[in-house]
**Q** 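So that we are looking at the same thing, I have put the structure below in structure tokens.
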Amino acid sequence: MSTASESPTSESQHAFRYSGALAQEIELRWHDWWDANGTFHTPNPAGPLGDPRVADQPKLFVLDMFPYPSGAGLHMGHPLGFTATDIYARYHRMTGKNVLYTMGFDAFGLPAEQYAVQTGQHPAITTDQNIANIRTQLRRLGLSHDPRRSISTTDPGYYRWTQWIFTQIFNSWYDTDRTTARPISELVQEFAAGTRATPDGRPWAELSASEQADVLDDHRLAYISEAPVNWCPGLGTVVANEEVTADGRSDRGNFPVFKRNMRQWMMRITAYADRLVDDLDLLDWTDSIKAMQRNWIGRSEGARVDFGVTTVGGAADVITVFTTRPDTLFGASFMVLAPEHPLVDALTTPEQAATVAEYRRQASTKSDVARQVEDKTKTGVFTGSYATNPINGEQIPVWIADYVLMGYGTGAIMAVPCGDERDFEFARQFGLPIPAIQQPPASWFAEHGIDPTLDTAAWPQAFVGDAPYVNSSNESLDVNGISDVATGKRRTNEWLEANGHGQATINYKLRDWLFSRQRYWGEPFPVVYDETGHAHTLPDELLPLELPPTDSFSPRTFDPDDAMSNPESPLDRLTDWVRVELDLGDGPKRYRRDTNVMPQWAGSCWYELRYCDPTNEDAFIDPEVERYWMGPQPDGRTGGVDLYVGGVEHAVLHLLYARFWHKVLFDLGHVSSPEPYHRLFNQGYILAAAFQDERGMYVDAFGVEERDGKHFSGGEPVTREYGKMGKSLKNAVAPDEVCGEYGADTLRLYLMSMGPLDASRPWESKDVVGMLRFLQRVWRNLVDEDTGALRSDLPALDDTTDRILHRTIDGVRSDLEGLRFNTAIAKLIELNNALTKLGGCPREIADHLVLMVAPFAPHLAEELWRKLGHDETVTYQSFPVADPAKLVQDTIELPVQINGKVRSRITVPAAADAAAVEAAALADEKVQASLAGATPKKVVVVPGRTVSLVV
RNA sequence: GCCCGAGUGGCGGAAUGGCAGACGCAGCGGACUCAAAAUCCGCCGAUUGAAAGAUCGUGUGGGUUCGAGUCCCACCUCGGGCACCA
């Protein structure tokens, strides 16, 4: 009779071999135990989850980016980040930290609503189902979340506070003098007291109630504006700048987006532009993420300059431009306005009217993107009018061209063709003058193969950089000869301000945040409008304003290309809900509700705060709890989450919005740290091989065969590429499948061992078994595979093994501190391989081994911990500490280099001084042979490292 | 075009300026077995050599250094972000 063959994953002849099946059995058992014992409940310093014992315990807040509960469940990218944070959290529990670690769901948003529209099932139902499903999957991974702190943004108990924060933002204004947000009531006081002038100078009391409301609305951090917004007919809603891709489409759904003037809610994030840039310096984030945020905010320092013009009607007016190069004002030889600039009509002469009208018509039919992408050949037309260059009085022509964008700066530029490549091209295209105002260095001319000249007709392109100014003086300003741009700018700015022609200023690419969506599945705005159309926020006692139930939750969507369609929010249809009678302090009156909902980003702007105090019904967070988990730290860190792990795709969306909200809450005194996320770590993507057939269609990656390095699917040749694992590339491996075959502990180990956390890495199913084998060996080194009991034949501890143990403890600790999980695992494997060679794990160090494995493979560790005779969970055991005495070696082997090549190795006492090491090296046989009698000219001894001889 | 980041065996990857390739996968050899699987032991960059060894080797070309995968300069390739931003 033949015996069944055995693979590492399958059941074996050994009843207690650590197979996938046994792992599974162990893991499910421990999930129940952890739940039943509340193992991961984390106490607060106060409140319902409070426990006075935590007061003197150091805290650690570990956070994963808020997952969206997709109907497809978890993909492999989730366990990658989640395992990393779980290991970190578990490790730090073992170092005595009080660790806050949980997970909730960012459950509002378009996908749930789109799914609901397809199926006709209310999004609340599908959302709840999806969350339940994902909770099951998370549990399967053995993540040590405090389940009491899990929240969903769609829970009225949560969005009650999202709405409350909105009212805080609405009822605030930004004081640019104090650079802080303040309650709007203080602005009213300043206006009323006359310490702050009203916009038109009239005393505050003389303004009508409606005029007062208008003034306040102009200051609020959340405000309604009629402005160009991104209208996406295919989604039936407007979207934020950050949600529009580089090719002008919605990042959700990939529909065309059009610029339209619409009345929408905005958040005055631009007020915080400076602080959002400057405070990046406080954060432990990667340079690349910081660079992306700086780039998006796009701070540029320059000046506003006024150019006088006379309109066709004869009136005097000014064109204000923004420039980063005020120093080049002497070289401004024409001006260019955006086609939409409000002064274009007034400046267009009758002769040019038809040309200008035609150009503007063409420009208006092109989207922003088409204007930028189509081709870079400059187009434009002359208005017929001239402006006066304030610095030299010259009359310069005013053109319009679509390379000038209305959305940036003032929508008008001064063109300095000799110093700006775009202006240079435009001038060449239309034969406009290019006066030289800098003397480029000889090297610049040499580079372009021409002789030095100030005749720009010979120049192939504009010169940008530091070089002495020429032709740059008037009666009261002379920058000629100055050769650095910084000084030139400073001098010119001083002149502009002294003569009233402009002033130094800072401009940003960042726009205010478009905050309303014409959808159903989001937080309703806690806002009503009175009969004059002014907005009022609902008082606290009327929160939450719950999303009204309806079967008609689908927004009206349009032909994706129908730019002129208009949004219709689903809430508009609920007239009984929209019309409401309320007493807001001045007697019952009729009001109209706001029918927009907030964007999905709202709920994720503050969720980490709610994790701290999830059950608080009196406040969004208790101040004492907030200070404990989020406050500034004794070591000087400014506070916030201690470790935040997630994908890089949120670099300018969530991370910018959340920082903004947090700063408003900070300014208003609701939180104690200026930043929400102190240390940010961006995980890489899980990639996987994907295969395309000859038509370019993706084929199921799991049906592909490899023969002689070529790949075939159903006999047909296919081409291989690597891409982000997912449904669209037909190459997704579900975490559940891997747990089922190998167990969660093996999956966790594999994900962590693939490489550094921040690198993207290709998934290789065949490699997973390596980590099962490792765990299997750990098990076998302690457990009798036939009885399941602790082995009775464990070897005695020897000195060598003891030293390896302590070296491993030391290395694993420092690797975990640095999030180097891959090398930590390698060190554990080395230790375990040494134990295997020894014939098992000596009982004296078994506890150490199990405790070190615990953060990585917690289920296996719990099981072994029991077998070692302990009753408690491993969770709060102390992580082993290396004995420094066992880290030092008695003797060490050093390489000896001769002229940079390793020629020999010598063994010397670890404590040997340089002279002794040198003597030992020179005495070495091979060294002597290599030297062949020569005397080294130089000897470099690096203690503990190397000996280097130079002959 | 501009700004980040990365290029190391067949593959994933490791290496405070100091012995390149830890650890895992794959492969090769051996032990055990009637046999296979599993397990355990060993080998595993290239060229050369019977072997000891020698020479070369971290995208390319220069440089700094006693010594460079690591630092500097230039370039090439790939990935990410921004892109007529005045």
Side-chain angles (χ1 to χ4, degrees), chain A residues 2-8 10 12-14 17 19 246 286-296 298 300 302 321-325 336 371-373 376 378 401-405 407-416 420-423 425-426 507-509 648-649 651-652 682 684-685 687 709 722 749-750 753-756 758-771 773-774 776-777 780 785 820 822-830 833 836-837 839 893-902 904-905 936-942 944-951:
Chain A
S2 67
T3 352
S5 71
E6 211 174 316
S7 81
S10 70
S12 74
Q13 307 148 23
H14 303 281
R17 171 159 293 181
S19 63
T286 60
D287 289 339
S288 76
I289 283 277
K290 288 184 181 183
M292 284 163 73
Q293 290 224 340
R294 286 200 185 93
N295 201 341
W296 189 262
S300 52
V321 303
F322 172 75
T323 176
T324 55
R325 292 292 303 276
V336 186
R371 272 165 65 161
Q372 290 165 24
V373 171
K376 304 262 177 174
K378 296 279 181 292
D402 63 8
Y403 81 92
V404 175
L405 306 173
Y408 183 76
T410 61
I413 63 160
M414 65 179 208
V416 183
D420 181 284
E421 195 48 43
R422 294 154 302 179
D423 297 346
E425 270 179 48
F426 192 82
N507 200 48
Y508 302 92
K509 281 203 300 193
V648 70
E649 64 272 18
V652 289
N682 292 111
Y685 293 116
L687 309 177
Y722 282 88
L749 262 298
Y750 175 63
S753 70
M754 291 163 87
D758 56 354
S760 291
R761 68 287 302 281
W763 176 271
E764 284 294 349
S765 291
K766 70 178 171 54
D767 291 359
V768 179
V769 70
M771 291 301 124
R773 287 184 192 144
F774 162 54
Q776 214 166 57
R777 276 201 280 254
R780 192 182 298 123
E785 290 189 311
R820 295 183 297 270
N822 53 332
T823 52
I825 291 170
K827 290 177 172 82
L828 289 171
I829 292 173
E830 280 184 278
N833 286 350
T836 300
K837 236 170 239 182
E893 194 188 64
L894 296 181
V896 181
Q897 294 177 22
I898 296 171
N899 288 344
K901 289 190 193 298
V902 177
S904 181
R905 297 180 173 83
K937 282 187 290 195
K938 186 171 179 184
V939 181
V940 181
V941 177
V942 185
R945 287 286 179 192
T946 187
V947 182
S948 184
L949 308 176
V950 188
V951 223

**Q** When rounded to the nearest Å, what value does the distance between C1' atoms of B:rG9 and B:rG18 take?
**A**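 Approximately 23 Å lies between the C1' atom of B:rG9 and that of B:rG18.
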**Q** Using atom CG of A:D420 as one end and atom P of B:rG1 as the other, report the distance to the nearest whole Å.
**A**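 The answer, rounded to whole Å, is 18 Å.
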**Q** Atom CG of A:N295 to atom P of B:rC3: distance rounded to whole Å?
**A**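 Roughly 11 Å, once rounded to whole Å.
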**Q** Take atom P in B:rA20 and the same atom in B:rU55, then report the distance between them in whole Å.
**A**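 It works out to 13 Å between them.
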**Q** Of all residues at least two apart in sequence or in a different chain, which pass the side chain to side chain donor-acceptor pair (under 3.5 Å) check with A:E649?
**A**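 Checked A:E649 against side chain to side chain donor-acceptor pair (under 3.5 Å); matches are A:Y685.
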**Q** Take atom CG of A:D758 and atom P of B:rG80, then tell me their distance rounded to the nearest Å.
**A**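 From A:D758 CG to B:rG80 P: 16 Å.
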**Q** Return the 5'-most residue of the pair A:K827, A:V950 with respect to RNA chain B, ranking by each residue's nearest nucleotide.
**A**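 So the residue in question is A:K827.
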**Q** Quickly work out the A:R17 CZ to B:rC40 C1' distance and round it to whole Å.
**A**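 Taking CZ of A:R17 and C1' of B:rC40, I get 11 Å after rounding.
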**Q** When you check every protein heavy atom under 4.0 Å of nucleotides 4-19 of chain B, what one-letter string (B, S, -) results, 5' to 3'?
**A** S-------SSS-B-BB
**Q** From B:rC56, B:rC84, B:rC23, pick the nucleotide closest to the side chain of A:K901?
**A**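 That would be B:rC56.
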**Q** Under the rule syn = chi within 90° of 0, otherwise anti, which is B:rG81?
**A**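 Anti.
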**Q** Which of the following nucleotides, B:rA86, B:rG24, B:rA26, is nearest to the side chain of A:R773?
**A**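 Given the options B:rA86, B:rG24, B:rA26, the side chain of A:R773 is closest to B:rA26.
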**Q** Could you give the NZ-to-P distance, from A:K837 to B:rC40, as a whole number of Å?
**A**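 These atoms are roughly 11 Å apart.
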**Q** How close or far is atom C1' of B:rU39 from atom CZ of A:R777, stated in whole angstroms?
**A**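 After rounding, the gap between these two atoms is 9 Å.
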**Q** Tell me which of A:M414 and A:V652 sits closer to the 5' end of RNA chain B, going by the nucleotide each one is nearest to.
**A**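 Taking each residue's closest nucleotide, the earlier one in sequence belongs to A:V652.
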**Q** Separation of A:W296 atom CH2 from B:rG81 atom P, in whole Å?
**A**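 Distance, rounded to whole Å: 12 Å.
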**Q** Could you give the CG-to-P distance, from A:D402 to B:rA86, as a whole number of Å?
**A**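 Atom CG in A:D402 sits about 18 Å away from atom P in B:rA86.
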**Q** State which residues pass ring-ring contact (aromatic ring centres under 6.0 Å, His included) with A:F426; sequence neighbours excluded, sorted by chain then number.
**A**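 Residues passing ring-ring contact (aromatic ring centres under 6.0 Å, His included) with A:F426: A:F334, A:W399, A:Y403, A:F430.
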**Q** Spell out yes or no: do the side chain of A:K378 and the base of B:rC84 have one donor N/O and one acceptor N/O closer than 3.5 Å?
**A**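 Yes, the side chain and the base share a sub-3.5 Å donor-acceptor pair.
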